[in-house]
Protein chains: 2
Amino acid sequence: MSDNLLLEKQLCFRLYSLNKLMCRLYAPVLKELALTYPQYLAMLVLWQNTAGISVKDLGNQLDLDSGTLSPLLKRMESQGLLTRIRQSTDERVVIIKLTKKGIGLQQSAEHIPGEMFAVTGLTPDKLQHLNQELDQLIANISD
Amino acid sequence: MSDNLLLEKQLCFRLYSLNKLMCRLYAPVLKELALTYPQYLAMLVLWQNTAGISVKDLGNQLDLDSGTLSPLLKRMESQGLLTRIRQSTDERVVIIKLTKKGIGLQQSAEHIPGEMFAVTGLTPDKLQHLNQELDQLIANISD
DNA sequence: ACTAAATTAGTTGTACACAACTAAATTGCA
DNA sequence: TGCAATTTAGTTGTGTACAACTAATTTAGT
């Protein structure tokens with residue numbers, strides 16, 4: 001019996017653990033903005049698309065399907081962060097557009113990336129290197 | 001307005017995406033064992049503790065609390081993979097012990113790590129290096 | 001023009017994660 | 001010894017993820 005099935009050997013477990021740790025790290029900061037972690041990731045996309053973006057395109061950027069996004073966006077709509085309007089030129093498409101409140105929240109989020117980077121204890125060079133390695137891995141797996 | 005809030009710059013998003021990709025990568029293989037991804041991670045610990053392990057110790061290794069573990073273990077118990085027996089010397093503690101079926105499943109899982117490694121497209125050296133970087137990051141964040 | 005195939009969101013059901021809480025048992029200290 | 005603090009699992013409620021499905025709309029081929 002080989003020892004390949006040891007938890008400590010698994011890359012997948014490290015990614016599983018790190019994702020949860022990141023989530024917990026962001027949680028208290030995001031609480032001040034009344035955002036969950038996935039909602040924050042969605043806001044990152046929406047802040048770059050203040051003219052509006054379809055649920056499909058949002059899902060492509062976040063790698064999430066409508067089964068996850070629809071209820072998430074509904075909750076954010078009920079918080080007054082965004083509007084969901086069906087496109088008149090193609091009634092299948094729903095366009096997500098930030099409200100003034102949603103756009104305004106970006107100001108309050110500006111400090112987050114720097115703060116989180118500090119906690120990682122990484123140098124800018126090491127962060128960039130790690131990002132590249134992870135991008136390569138994502139590319140290999142997603143093919 | 002700086003561009004620190006771009007999704008593409010976030011380490012956290014890469015970890016979020018990679019964790020989901022890993023989960024999807026394992027899903028079809030684990031389906032043959034009738035295990036979910038978190039259940040597989042739990043089995044990795046249990047296969048190393050066939051004499052039994054408390055819910056607390058299992059939670060420490062997986063970084064999960066009883067709120068997640070209790071229902072997960074209940075489902076695995078109902079699948080006949082393990083037993084949950086309250087310790088007589090300390091009635092607060094519940095000992096998780098694999099059944100013969102649970103132990104037997106390890107045979108069917110032996111091929112998984114090698115198969116998953118192949119998909120990553122990494123060399124053994126690169127995998128080891130990446131694992132070390134992630135361990136360092138985990139240590140920095142968990143402190 | 002007509003219809004089969006494709007596209008887009010949304011719904012339903014299952015399984016995590018986790019905060020906040022409860023309940024029971026044990027420990028430790030005045 | 002008596003009891004407050006701690007430890008251990010479990011429960012409840014909310015929010016993702018995702019498979020499988022539905023419903024409505026649009027596209028494309030004949």
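Just so it is clear, the values below take in all heavy atoms, side chains as well, and ignore hydrogens, waters and symmetry mates. Letters A, B, ... are given to chains in the order of the sequence lines, protein chains preceding strands, and every chain is numbered from 1.
- Under 4.0 angstrom from either OP1 or OP2 of D/dA17 there lies at least one side-chain N or O belonging to B/Y16.
- In this structure, A/Y37 and B/K31 both approach DNA chain D, and ranking their closest nucleotides by distance from the 5' end singles out A/Y37.
- Distance A/L30 CG to D/dT16 C1': 14 Å, rounded to the nearest Å.
- A straight line from CG of B/L69 to P of C/dC16 spans 10 Å, rounded to a whole angstrom.
- Computed from coordinates, the B/L73 CG to D/dA9 P distance equals 10 Å when rounded to whole Å.
- Using a 4.0 Å heavy-atom criterion, one finds that A/S66 contacts the bases of the nucleic acid, with or without backbone contacts as well.
- Comparing A/A27 and A/R92 along DNA chain C, the residue whose closest nucleotide (by nearest heavy atom) sits nearer the 5' end is A/R92.
- At D/dT11, one or more side-chain N or O atoms of B/K74 fall inside 4.0 Å of OP1 or OP2 (strictly under the cut-off).
- The pairing partner recorded for D/dT30 is C/dA1, the criterion being a Watson-Crick or G-U wobble arrangement whose two distances lie under 3.5 angstrom.
- Summarising the geometry, the separation between CG on B/L64 and C1' on D/dT8 is reported as 16 Å, rounded to the nearest angstrom.
- What separates CE of A/M76 from C1' of D/dT16 is a distance of 13 Å, to the nearest Å.
- Listed pair A/R24 / C/dC18 meets the phosphate criterion, a side-chain N or O lying under 4.0 Å from OP1 or OP2.
- Only one option out of B/Q87, B/R92, B/R86 pairs with B/D90 in a side-chain hydrogen bond (donor to acceptor under 3.5 Å, both in side chains); it is B/R92.
- Between atom CD of residue B/Q136 and atom CD1 of residue B/I141 there is a gap of 10.5 Å, rounded to the nearest 0.5 Å.
- Taking only side-chain nitrogens and oxygens, A/Q39 never comes nearer than 4.0 Å to OP1 or OP2 of D/dG15.
- Rounded to whole Å, the distance from CG on A/L21 to C1' on C/dA17 is 13 Å.
- A donor-acceptor distance shorter than 3.5 angstrom exists from the side chain of B/Q10 to the backbone of B/N4, with no hydrogens or angles considered.
- Here the side chain of B/W47 pairs no donor or acceptor atom with the backbone of A/L6 at under 3.5 angstrom.
- Look at A/R75 and you'll find a side-chain N or O under 4.0 angstrom from OP1 or OP2 of D/dT16.
- A close approach under 4.0 Å does not occur between any side-chain nitrogen or oxygen of B/K20 and OP1 or OP2 of D/dA17.
- Using N1 to N3 plus N6-O4 or O6-N4 for Watson-Crick, or N1-O2 and O6-N3 for G-U wobble, each under 3.5 Å, C/dA30 pairs with D/dT1.
- Place B/T68 and B/K56 on DNA chain D by their nearest nucleotides, and B/K56 ends up nearer the 5' end.
- Between B/R86 and D/dT8 there is no side-chain N or O to OP1 or OP2 distance below 4.0 Å.
- The residue A/S70 sits close to a base: some heavy atom pair falls under 4.0 Å.
- Look at CG on B/N19: it is 16 Å from P on D/dT16, rounded to the nearest Å.
- For A/V94, the listed nucleotide lying nearest its side chain is C/dG10; candidates were C/dT27, C/dG10, D/dC18.
- A distance-only check finds no donor-acceptor pair linking the side chain of A/S66 to the backbone of A/L69 [under 3.5 Å].
- For B/R84 and D/dA9, the shortest distance from a side-chain N or O to OP1 or OP2 is not below 4.0 Å.
- In this structure, A/Q106 CD and A/M43 CE are separated by 8.5 Å, a value rounded to the nearest 0.5 Å.
- Atom C1' of nucleotide C/dA9 and atom CG of A/N60 are separated by 14 Å, given to the nearest angstrom.
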